[in-house]
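Some notes on the structure that comes next.
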Amino acid sequence: MASLFKDLAKISAYRDKRFPGTQEEFEDALLRSITVYVGNMSFYTTEEQVYELFSRAGEIKKIVMGLDKNSKTPCGFCFIMYYSRDDAEDSVKYISGTILDDRPIRVDFDWGFQEGRQWGRGRSGGQVRDEYRTDYDPAIRRGGYGKLVQKE
Ligand code: GTA
């Protein structure tokens with residue numbers, strides 16, 4: 001395994017509260033995973049664009065676009081399943097932080113895609129963290145619910 005990913009603390013800052021297991025099982029899944037999560041994507045980025053960029057790290061088995069659970073339209077994230085661990089590691093190492101559709105994307109190891117995980121978990125239907133943003137960018141339709149959340 002590449003040295004960068006020997007240190008569990010460095011592997012991912014994200015903890016999925018809906019993971020059906022212990023912290024140890026979660027960490028083990030991250031260390032073996034061939035699935036990556038991509039965040040901070042434009043709502044207009046297509047699966048074809050994702051395929052073109054991420055296949056530079058290796059052959060892709062499957063892409064699942066993240067969707068707003070109400071509108072069923074892309075809401076800024078996706079999951080990519082590779083065939084090999086090395087390719088998933090290269091994707092995190094080399095593609096995270098690069099610009100896709102004018103946005104710096106974040107590539108994170110994921111514990112593994114399961115049906116249902118493609119939907120935004122926010123109350124609005126999109127991603128939770130977008131609801132906490134206080135800024136709103138009309139060009140990319142992200143954020144803007146922060147003030148509402150603060151009032152509650
Ligand atoms: N591997 O970084 C990630 C990641 N994220 C951010 C989402 N997913 C990720 N997977 C990996 N790495 O399948 C996955 C989720 C799910 C799908 C959509 O994407 O596993 P979501 O983004 O809508 O919901 O998920 P998620 O992940 O549950 O939300 P988030 O942002 O981590 O929030 C978790 C908790 O923190 C919530 O209780 C929320 O109330 C709170 N929170 C989040 N942002 C803030 C904030 N700015 N201030 C205060 N509280 C906050």
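As the structure lists them, so they are numbered: ligands from 1, and atoms in each ligand from 1.
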Answer with yes or no whether W111 contacts ligand 1, where contact means a heavy atom under 4.0 Å from a ligand atom. no

Say whether G39 and ligand 1 are in contact under the criterion: heavy-atom distance to a ligand atom below 4.0 Å.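 No; G39 lies far enough from ligand 1 that no heavy-atom distance drops under 4.0 Å.
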
Nearest heavy atom to [atom] wins, so pick from [options].
atom: atom 15 (C) of ligand 1; options: Y14, F77, F19, F113; result: Y14
atom: atom 17 (C) of ligand 1; options: R133, R117, E131; result: R117
atom: atom 28 (O) of ligand 1; options: R18, Q118, K69, R121; result: R121
atom: atom 33 (O) of ligand 1; options: V36, T35, V107, V128; result: V128

Do [X] and [Y] have side chains that get closer than 4.5 Å, going by heavy atoms?
X: R106; Y: Y37; value: yes
X: I80; Y: C78; value: yes
X: E89; Y: F109; value: yes

Pair R121 + D16: basic N to acidic O under 4.0 Å: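 Looking at R121 and D16, the cut-off is met.
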
Test: D110 and R117 ion pair at under 4.0 Å: yes

Among all protein non-hydrogen atoms, which one is nearest to [atom], and what is the separation to 0.1 Å?
atom: atom 30 (P) of ligand 1; value: R129 NH2, 3.8 Å
atom: atom 2 (O) of ligand 1; value: R106 NH2, 2.8 Å
atom: atom 44 (N) of ligand 1; value: Y132 CD1, 3.5 Å
atom: atom 1 (N) of ligand 1; value: D110 OD1, 2.8 Å
atom: atom 21 (P) of ligand 1; value: Q127 NE2, 3.7 Å
atom: atom 7 (C) of ligand 1; value: Y37 CE1, 3.5 Å
atom: atom 35 (C) of ligand 1; value: K17 NZ, 3.6 Å

Sequence neighbours excluded, the answer for side-chain contact (heavy atoms from CB on, under 4.5 Å) partners of K61 is M81, Y83

Run the side-chain contact (heavy atoms from CB on, under 4.5 Å) test against D87 and tell me which residues pass, sequence neighbours left out.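 Only Y82, S84 meet the side-chain contact (heavy atoms from CB on, under 4.5 Å) criterion with D87.
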
Distance in Å, [X] [atom1] paired with [Y] [atom2], rounded so as to fall on 0.5 Å steps:
X: K93; Y: D86; atom1: NZ; atom2: CG; result: 8.0 Å
X: F77; Y: I105; atom1: CZ; atom2: CD1; result: 14.5 Å
X: Q127; Y: N40; atom1: CD; atom2: CG; result: 9.0 Å

Please determine if F109 has a nitrogen or oxygen closer than 3.5 Å to a nitrogen or oxygen of ligand 1. yes

For the 3.5 Å polar cut-off, considering only N or O atoms, please tell me whether F79 and ligand 1 meet it.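 No - when backbone and side-chain N and O of F79 are compared with those of ligand 1, no distance drops under 3.5 Å.
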
Short list, please: which atoms of ligand 1 are under 4.0 Å from a heavy atom of [X]?
X: G120; value: 23 (O)
X: D16; value: 20 (O)
X: W119; value: 18 (C)

So is R15 actually on top of F26's ring, under 6.0 Å and inside 45° of the axis? yes

With a 4.0 Å heavy-atom cut-off (strictly under), which part of D108 contacts ligand 1: side chain, backbone, both or neither? side chain

Go through the side-chain N and O atoms of D68 and T73 and say whether any donor and acceptor fall under 3.5 Å apart.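 No, because no side-chain N or O of D68 sits under 3.5 Å from a partner of the opposite role on T73.
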
